[in-house]
Amino acid sequence: MFQPKIKEKVWSVDIEKGMIELWMKEGWYEFEEKEPIFVIDTPPPYPGPFWHIGAAISYAQQDIIARSRRMKGYNVLYPIGIDRNGIPVEWYVEKYEGIDMWKYPREKFVELCRTALDKYDDNMANIMRRLMLSGDIDHRYRTDLDEYRALTQATFIELWKRGLIYEANRPNNWCPRCRTTIADAEVEYKTEKGKLYYIKFPLKKGGHVLIATTRPELIAGCDLVLVHPEDDRYKDLIGKKVILPIYGREVKIAADKEVDPEFGTGMEMVCSYGDSVDVRLFRKWRLKERKVLDIDGKLTEEAGKYAGLSVKEAREKIVEDLRKEGLLEKVEEIEHKVPIHDKCKSEIEIISMPEYYLKQVEFVEELKKIADEMKWYPKKHKQRLLDWLNSITMDWPISRRRYYGTEIPLWYCKKCGYIHVPKPGRYYKPWKEKPGIKCPKCGSEDWKGEERTLDTWMDSSISVLYITGYKKDEEKFKRTFLKGEKLRPQGTDIIRTWLYYSLLRVYQLTGKRAFEHVWINGMGLDEKGRKMSKSLGNVIYPEEILDEYGGDALRFYSVMEGAVGDDYRISKERIEGAFKSLTKLLNIARYVSMFPQVEEVELEETDKWILSELNEAKERMLKAYDEFDPHKGIHHLRKFTHELFASHYIEMTKERARENDEKAKAVWYTLHQVLKDVLRLLAPIVPAITDYIWRSLYEGSVHKEKFPKVDRKYEKYRKYTERIVGFNEKIWKEKKERGLSLKSEIKTEVPKELKPFEGDLRRMHNIK
RNA sequence: GGGCCCGUGGUCUAGUGGCUAUGACGUCGCCCUGACGUGGCGAAGGUCGCCGGUUCGAAUCCGGCCGGGCCCACCA
């Protein structure tokens with residue numbers, strides 16, 4: 001009699017692995033036919049040899065949302081994807097194959113990229129399984145599939161036909177390292193120590209003025225010198241001319257109130273292009289652009305004798321020359337911000353190139369409305385999107401001069417320049433395919449295929465359309481995208497890229513807002529609150545944690561730890577603490593498993609009391625799940641389980657449970673009732689241990705269960721909680737102080753408020 | 001320069017006007033009972049960032065400051 005069904009006394013990673021294998025065999029989480037539908041547009045991670053533990057944790061948190069929605073009764077569409085387009089794999093191939101992309105046959109290079117990506121694809125999938133993501137990992141989509149790229153191209157073609165895409169030759173952010181134009185959203189700034197050079201510019205009428213600049217190498221591109229209109233020092237010079245040092249060209253002096261008289265000498269030279277201010281000033285003053293830099297970031301013929309030098313070399317050289325000529329007045333050390341490419345962190349130059357643009361400026365107001373309509377978790381991050389929307393002043397350059405991306409599906413007639421746009425639906429590679437038609441304008445068959453690819457955000461930004469069957473399965477699209485609730489979970493770092501571009505593209509294509517819910521997770525930092533990076537040597541890899549503590553412990557830890565949307569520190573010590581909680585849960589179940597399951601019988605007061613507290617924990621936890629923030633409910637649930645249930649209820653009823661009468665059955669019934677509900681409530685967070693326990697004791701799997709219903713039947717019993725806990729603690733303490741064992745007899749009175757529980761309390765404490 | 005967020009014992013965390021501020025992890029004692037490699041009891045540890053205001057009463061509301069983080073922006 002009363003033998004536990006659960007044998008293990010300690011939770012273990014091996015049991016967890018066994019559960020994962022079991023689930024894989026059973027094949028789970030097919031998308032079903034029923035409604036309501038809940039769509040989760042999970043960020044497809046980029047494959048690589050290492051996965052950041054913080055990223056891994058955020059996927060676990062998304063899975064908790066998916067599982068909790070399922071248990072709430074939703075049919076959850078939760079696809080898993082891998083993002084494979086773009087620059088990182090190109091670098092990887094260049095580095096590990098020791099080749100230069102530009103000097104390598106494109107077709108072969110693309111093949112090498114694919115092979116490299118495949119190598120890490122499985123690695124990612126394995127970590128996802130260990131994290132116990134309940135999405136369809138086996139049928140994960142990839143953004144470089146022909147089908148996916150065909151959809152990206154189809155959306156390009158549609159927007160092209162609607163006149164939202166155009167080509168223009170404009171100054172843009174140019175990454176010399178990656179040899180491509182990039183969008184403002186991909187630009188970051190870093191603070192750097194730099195030098196401010198004070199240079200003498202001779203005046204045409206004689207004498208000279210002093211101009212301060214950080215970019216002396218760009219003097220060749222100078223087409224205007226500006227002063228503040230109210231600056232008394234220079235009022236007389238407005239309209240006069242200066243002579244550029246080295247080059248001898250004459251340049252006009254003009255007044256513009258944007259000039260800060262306090263900075264440098266209060267006199268500014270405007271060059272093509274030192275920074276984004278120059279770009280604006282060039283447009284404003286209709287200046288003549290001179291291409292001083294080429295695509296490799298080297299100076300051109302325009303720069304005279306400095307042609308062929310890199311920016312750095314040219315700067316040193318020209319400073320030296322100026323010094324020799326006595327034109328360098330002084331050099332000042334300053335800190336300034338330089339724009340860098342978010343992917344490769346190298347400095348960006350502003351260069352004019354012909355690029356394709358997608359209109360975005362005219363959509364900003366509508367997108368602000370959409371930002372307001374969506375529910376944000378947590379609310380505060382909405383501001384980041386609004387800030388970004390408010391800073392958009394130009395359209396989105398979408399063409400990239402790279403190889404591993406979705407090709408721009410266009411051909412140009414070599415004879416008459418006609419642009420051929422193919423029919424949507426297929427995946428086109430114009431750099432190696434012929435369109436197979438005659439030019440409708442001139443009849444020529446001589447075409448030049450477009451060689452550029454699209455910004456990878458053009459692909460990723462339609463993930464929610466791809467997963468809901470847009471342009472492929474109208475029925476599915478209607479049920480999921482149009483009728484379902486859609487959630488976008490993602491990190492703070494990609495609000496202005498992935499989130500913004502998704503909202504823009506989906507709105508342009510469907511006229512709808514892409515999501516009802518936006519859930520923003522915080523970033524995982526190291527134990528001291530610093531970013532994890534290889535250079536700091538503070539990186540923790542998910543495999544390490546998964547091998548040592550398992551996915552359940554990591555998931556439980558992440559829920560115990562931080563509130564949604566805030567950064568949090570990752571601590572092994574605390575993950576270990578989470579693991580201990582799992583062992584405690586296992587042992588609670590082990591105890592319960594000693595007793596048979598019975599039909600509901602007449603309950604004693606103690607039983608009703610714990611059920612009232614169970615309901616309280618339940619209500620809090622369910623509410624937390626509703627708000628996609630299980631953290632809000634988990635502390636109370638843990639307290640209920642470990643303290644009220646394990647320490648108080650179980651101890652109070654231990655004696656009664658060992659009888660074999662109706663009163664014992666009441667305990668048995670209650671024990672199982674509580675355990676089942678606790679398991680159901682915890683199942684989304686710790687899927688392995690809850691299912692292990694469930695399958696050991698009950699029918700089926702806990703993951704096929706629904707959340708328990710709220711039941712306030714015994715609500716009034718909650719008022720006893722404080723007294724019961726207080727009374728028990730008092731007795732424990734008293735026995736302790738008197739050196740008595742907990743089993744030994746004690747003489748005391750049960751307070752009259754606790755009369756309903758007197759029997760259980762007397763047996764528990766052995767009160768005579 | 002503008003904006004946003006945050007600031008509770010060593011660490012994490014509950015708590016949006018009201019009993020001596022919650023709990024966890026960790027630390028230090030003691031104890032072990034038949035679900036528990038665990039558990040129980042106890043101890044140390046916080047002027048709830050600082051200052052002022054509102055109020056009978058503030059961690060909680062208001063203002064200012066300090067500190068930390070983030071975003072945006074034209075300092076060449």
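Within every chain, numbering begins at 1; the chains are lettered A, B, ... in the order of the sequence lines, protein sequences first and strands thereafter.
With rounding to whole Å, A:Leu582 atom CG is found 15 Å from B:rG37 atom P.
Among the protein residues, A:Arg638 comes within range of the sugar-phosphate backbone only, with heavy atoms under 4.0 Å from sugar or phosphate atoms but none that close to a base. Residue contacts for A:Asp275: at a heavy-atom cut-off of 4.0 Å it reaches the sugar-phosphate backbone alone, with no base atom in range. Residue contacts shown for A:Val270 are absent, as no nucleic acid heavy atom lies under 4.0 Å away. A:His336 comes within 4.0 angstrom of the backbone, heavy atoms only, and of no base.
Here A:Lys632 pairs with A:Glu627 under the side-chain hydrogen bond (donor to acceptor under 3.5 Å, both in side chains) rule; sequence neighbours left out. Partners of A:Asn766 by side chain to side chain contact (heavy atoms under 4.5 Å, CB included), not counting sequence neighbours, listed by chain and number: A:Glu745, A:Lys768. For A:Ser581, the side-chain hydrogen bond (donor to acceptor under 3.5 Å, both in side chains) criterion is met by A:Arg638, not counting sequence neighbours. Taking the ring pair (Phe, Tyr, Trp, His ring centres under 6.0 Å) definition, one finds that A:Tyr273 meets it with A:Phe282, sequence neighbours left out. By the side chain to side chain contact (heavy atoms under 4.5 Å, CB included) test, A:Ser58 is found to be paired with A:Gln61, A:Gln62, A:Asn521, residues two or more places apart in sequence or in another chain being considered.
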Canonical and wobble pairing (Watson-Crick, G-U, under 3.5 Å) of RNA chain B, dot-bracket with |: ((((((((.[[[..)..(....]]].(((((.......))))).....[[[[[..)....]]]]])))))))....
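Counting only residues at least two apart or on different chains, the salt bridge (charged side-chain N to carboxylate O under 4.0 Å, His left out) pairs with a member in residues 257-273 of chain A are A:Glu258-A:Arg280, A:Glu258-A:Lys284. Note on residues 582-597 of chain A: no pairs pass salt bridge (charged side-chain N to carboxylate O under 4.0 Å, His left out), not counting sequence neighbours.
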Pairwise N/O distances under 3.5 Å, protein to nucleotides 30-35 of chain B:
| residue | atom | partner | partner atom | Å |
| --- | --- | --- | --- | --- |
| B:rC30 | O2' | A:Lys736 | NZ | 3.4 |
| B:rC30 | O2 | A:Lys736 | NZ | 2.3 |
| B:rA35 | OP2 | A:Arg658 | NH2 | 3.1 |
| B:rA35 | O3' | A:Arg590 | NH1 | 3.0 |
| B:rA35 | O2' | A:Asn587 | OD1 | 3.0 |
| B:rA35 | O2' | A:Arg590 | NH1 | 3.1 |
| B:rA35 | N7 | A:Lys654 | NZ | 3.3 |
| B:rA35 | N6 | A:Glu651 | OE2 | 3.2 |
| B:rA35 | N3 | A:Asn587 | O | 3.0 |

Which atoms of nucleotides 2-7 of chain B (N or O only) lie under 3.5 Å from a protein N or O atom, and what are those distances?
| residue | atom | partner | partner atom | Å |
| --- | --- | --- | --- | --- |
| B:rC5 | O2' | A:Lys380 | NZ | 3.2 |

What protein N or O atoms touch nucleotides 26-28 of chain B N or O atoms at under 3.5 angstrom, if any, and at what distances?
| residue | atom | partner | partner atom | Å |
| --- | --- | --- | --- | --- |
| B:rG26 | OP1 | A:Lys580 | NZ | 3.2 |

Determine all donor-acceptor pairs shorter than 3.5 Å in which one atom belongs to a side chain in residues 639-646 of chain A; sequence neighbours excluded.
| residue | atom | partner | partner atom | Å |
| --- | --- | --- | --- | --- |
| A:Thr641 | OG1 | A:Leu637 | O | 2.7 |

